J.: 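Got a structure here, written out as structure tokens. Questions coming.
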2 protein chains.
Amino acid sequence: MTEIEKTLDNKSVRPTAMRILIYKFMAGKQNAVALTDIENAFEKAERTTLYRTLKTFEEKGIVHQIDDGTNISKFALCQPGCNCEIDQDLHLHFHCGQCDKTVCLTEHKIPHINLPAGYIAEDANLVIKGICDSCSDH
Amino acid sequence: MTEIEKTLDNKSVRPTAMRILIYKFMAGKQNAVALTDIENAFEKAERTTLYRTLKTFEEKGIVHQIDDGTNISKFALCQPGCNCEIDQDLHLHFHCGQCDKTVCLTEHKIPHINLPAGYIAEDANLVIKGICDSCSDH
DNA sequence: AGAGTGGTGCAACAGAAGTGCATTTAATGG
DNA sequence: CCATTAAATGCACTTCTGTTGCACCACTCT
């Protein structure tokens with residue numbers, strides 16, 4: 001039983017061949033991936049399978065969904081530092097307008113915001129847009 | 001020349017009947033609206049017209065586009081406090097998971113974030129998700 | 001009046017997201 | 001080890017948002 005299989009098993013996700021491949025693919029990427037990215041990487045697989053795999057991964061806390069403002073959902077593997085379930089510990093994301101890549105900045109947390117009376121915060125999403133380190137240094 | 005016509009004219013947007021109606025509609029709403037919302041409100045109008053009107057409004061700084069994480073673009077009229085063009089003064093938005101409405105919290109600004117070396121911030125988007133004041137008090 | 005610009009209406013397309021159903025694959029129990 | 005069962009996958013199709021091209025209309029300016 002490989003490391004990845006153990007990880008999936010721990011999250012009570014059955015480690016099928018497809019899922020292991022998708023996990024590997026995402027682990028190899030430094031940036032968040034869209035459904036289409038995975039689709040292009042695995043010409044053989046059906047979009048539906050990938051779609052539902054991501055949904056399952058998300059439900060089980062293996063990946064988290066990122067909304068980077070492009071209106072295309074991206075996904076990234078949850079890291080030890082990324083406590084997606086806990087409200088107060090959400091990290092932020094960076095979207096590069098040049099290479100169009102979105103990365104997690106797990107060490108950067110969203111500051112606490114005092115909301116007006118009556119508003120109850122349950123979740124937060126902070127995306128910084130600009131130029132990433134790969135694109136900025138020439 | 002009405003107040004609205006003056007506003008549009010100031011932003012060098014020709015105040016057509018359609019545009020005035022759309023402006024009025026948005027001014028009457030407390031929350032951000034999606035293209036579909038306007039479409040439903042004006043059964044007579046074409047989606048394309050509304051679409052391009054919103055685009056024009058956005059370009060001319062009459063409305064700002066909001067990405068609240070639903071993957072559906074919403075729009076809200078720019079307020080005196082909402083300096084959409086200036087990076088450091090971005091306000092945040094609140095999305096209610098119950099009534100699905102998105103509101104601007106113009107008095108709340110996005111705190112400054114120290115990015116890792118090499119990252120250049122140009123824009124930011126912060127959405128708090130939870131229960132709004134209308135939905136929370138029973 | 002005629003030319004030109006910009007706005008509007010109509011049709012069609014692209015891409016992402018999502019659903020239903022049949023079939024295959026994997027886990028479980030005798 | 002096979003049979004049963006539940007879950008995963010593949011295929012087809014639908015829906016919705018966003019977008020573009022083209023023709024027509026309205027208005028302005030000379």
Side-chain angles (χ1 to χ4, degrees), chain A residues 1-2 4-25 32-60 62-76 95 100 102, chain B residues 1 4-5 7-25 32-60 62-76 95 100 102:
Chain A
M1 204 174 193
T2 71
I4 292 177
E5 286 179 77
K6 268 187 240 167
T7 307
L8 296 184
D9 217 61
N10 277 342
K11 303 278 189 176
S12 45
V13 169
R14 274 160 60 171
T16 66
M18 201 68 239
R19 288 173 172 173
I20 293 169
L21 279 175
I22 295 174
Y23 191 99
K24 267 187 194 163
F25 175 73
V33 295
L35 178 59
T36 310
D37 296 332
I38 309 182
E39 202 182 344
N40 293 337
F42 301 95
E43 299 271 338
K44 295 297 201 51
E46 279 308 300
R47 210 172 65 259
T48 314
T49 305
L50 304 174
Y51 171 74
R52 286 197 255 240
T53 300
L54 285 175
K55 281 282 182 196
T56 306
F57 278 11
E58 195 197 357
E59 277 169 22
K60 298 302 171 67
I62 296 171
V63 305
H64 60 274
Q65 188 171 357
I66 304 165
D67 174 40
D68 61 5
T70 58
N71 276 357
I72 297 169
S73 293
K74 305 255 169 71
F75 298 86
H95 177 73
D100 198 42
T102 301
Chain B
M1 205 173 193
I4 293 177
E5 284 177 78
T7 307
L8 295 183
D9 217 60
N10 277 342
K11 304 278 187 175
S12 46
V13 170
R14 274 163 55 174
T16 66
M18 200 69 240
R19 288 171 173 176
I20 293 168
L21 280 175
I22 295 174
Y23 190 99
K24 268 188 194 162
F25 175 74
V33 295
L35 178 59
T36 310
D37 296 332
I38 310 181
E39 202 183 346
N40 293 336
F42 300 94
E43 299 272 336
K44 293 296 200 50
E46 279 309 300
R47 209 170 71 255
T48 313
T49 305
L50 304 174
Y51 171 74
R52 286 197 256 238
T53 301
L54 285 175
K55 282 281 184 198
T56 306
F57 278 11
E58 194 196 357
E59 276 169 20
K60 297 305 171 65
I62 297 171
V63 304
H64 59 273
Q65 187 171 356
I66 304 165
D67 173 40
D68 61 6
T70 59
N71 276 357
I72 297 170
S73 294
K74 306 254 169 72
F75 298 86
H95 175 74
D100 198 42
T102 301

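If you're wondering where the values come from, they're calculated on a predicted model, not measured in any experiment. All heavy atoms count here, side chains included; hydrogens, waters and symmetry mates do not. Order of the sequence lines sets the chain letters (A, B, ...), proteins ahead of strands, with each chain counted from 1.
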J.: Check whether B:Arg19 reaches the backbone of B:Arg14 with its side chain - one donor and one acceptor, N or O, closer than 3.5 Å.
T.: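 Judged by distance alone, yes, a pair lies under 3.5 Å.
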J.: Between C1' on D:dA26 and CE on B:Met18, what's the gap in Å once rounded to a whole number?
T.: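 Taking atom C1' of D:dA26 as the reference, CE of B:Met18 is at 15 Å.
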J.: Please test A:His64 against A:Ile66 for side-chain contact (heavy atoms from CB on, under 4.5 Å), starting from the C-alpha separation and ending with a verdict.
T.: CA-CA 6 Å; A:His64 60 274; A:Ile66 304 165; 3.7 Å; yes
J.: Counting only side-chain nitrogens and oxygens, does A:Thr36 get under 4.0 Å of the OP1 or OP2 atom of C:dA16?
T.: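 Affirmative; the distance criterion is met.
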J.: What is the distance, rounded to the nearest whole Å, between atom CD1 of B:Ile38 and atom P of D:dG18?
T.: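 Roughly 11 Å, once rounded to whole Å.
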J.: Donor-acceptor pair, A:Asp9 side chain versus A:Lys6 backbone, under 3.5 Å?
T.: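 No; judged by distance alone, with no hydrogens or angles, the pair does not exist.
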J.: For C:dT25, does OP1 or OP2 lie under 4.0 Å from any side-chain N or O of A:Arg14?
T.: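 Checking C:dT25 against A:Arg14, no side-chain N or O comes under 4.0 Å of OP1 or OP2.
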J.: Can you tell me how far P of D:dC16 sits from CG of B:Asp100, to the nearest Å?
T.: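 Atom CG in B:Asp100 sits about 15 Å away from atom P in D:dC16.
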J.: Is A:Lys11 reaching over with its side chain to a backbone N or O of A:Phe57, donor-acceptor style, under 3.5 angstrom?
T.: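 Checking the backbone N and O of A:Phe57 against the side chain of A:Lys11, no donor-acceptor pair under 3.5 Å is found.
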J.: Hey, does the side chain of A:Arg47 come within less than 4.0 Å of C:dA16's phosphate (OP1/OP2), counting only N and O?
T.: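 No.
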J.: Have a look at B:Thr56 and say if it touches a base, only the backbone sugar-phosphate, or nothing, with a 4.0 Å heavy-atom cut-off.
T.: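 Nothing: the residue B:Thr56, judged by heavy atoms under 4.0 Å, touches no strand.
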J.: Rounding to a whole Å, what distance do you find between B:Phe42:CZ and C:dG7:P?
T.: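 Roughly 18 Å, once rounded to whole Å.
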J.: Just to confirm, is there a sub-4.0 Å distance from OP1 or OP2 of D:dT17 to any side-chain nitrogen or oxygen of B:Ser73?
T.: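 So the side-chain polar atoms of B:Ser73 never come under 4.0 Å of the phosphate oxygens OP1 or OP2 of D:dT17.
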J.: Quick one: is A:Tyr51 getting a side-chain N or O under 4.0 Å of the C:dA16 phosphate, OP1 or OP2?
T.: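 No, no such contact exists.
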J.: Which residue, B:Asn71 or B:Glu46, contacts DNA chain C at a nucleotide closer to its 5' end, judged by nearest heavy atom?
T.: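 It is B:Glu46 whose nearest nucleotide is closer to the 5' end.
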J.: Base, sugar-phosphate, or nothing: which does B:Lys55 touch, judged by heavy atoms less than 4.0 Å apart?
T.: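 Contact class for B:Lys55: sugar-phosphate only.
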J.: Is the phosphate of D:dT9, meaning OP1 or OP2, less than 4.0 Å from a side-chain N or O of A:Thr48?
T.: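 Looking at the OP1 and OP2 atoms of D:dT9, neither is under 4.0 Å from any side-chain N or O of A:Thr48.
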J.: With a 3.5 Å cut-off and just heavy-atom distances, do the side chain of A:Arg52 and the base of C:dG18 make a donor-acceptor pair?
T.: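 No.
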J.: Can you check the B:Leu50 CG to D:dT17 P distance for me, whole Å?
T.: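 Value for this atom pair: 13 Å.
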J.: Counting only N and O atoms by type, is there a donor-acceptor contact under 3.5 Å from the side chain of B:Asp37 to the main-chain atoms of B:Ala34?
T.: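 Yes, because the side chain of B:Asp37 sits within donor-acceptor range (under 3.5 Å) of the backbone of B:Ala34.
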J.: Hey, which of these two, A:Lys44 or B:Ile72, hits DNA chain D nearer its 5' end, going by closest nucleotide?
T.: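 Between the two, 5'-proximity favours A:Lys44.
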J.: How many Å lie between CD on A:Glu39 and C1' on D:dG10, as a whole number?
T.: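 Nearest whole value for this atom pair: 13 Å.
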J.: Answer yes or no: does a side-chain N or O of A:Thr53 lie under 4.0 Å from OP1 or OP2 of D:dT9?
T.: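 Affirmative; the distance criterion is met.
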J.: Distance check needed: C:dG18 C1' versus A:Gln65 CD, whole Å only.
T.: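 In whole Å, C:dG18 C1' and A:Gln65 CD are 13 Å from each other.
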J.: Using whole Å, what does the distance between atom C1' of nucleotide C:dG18 and atom CD of A:Glu59 come to?
T.: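 Answer to the nearest Å: 14 Å.
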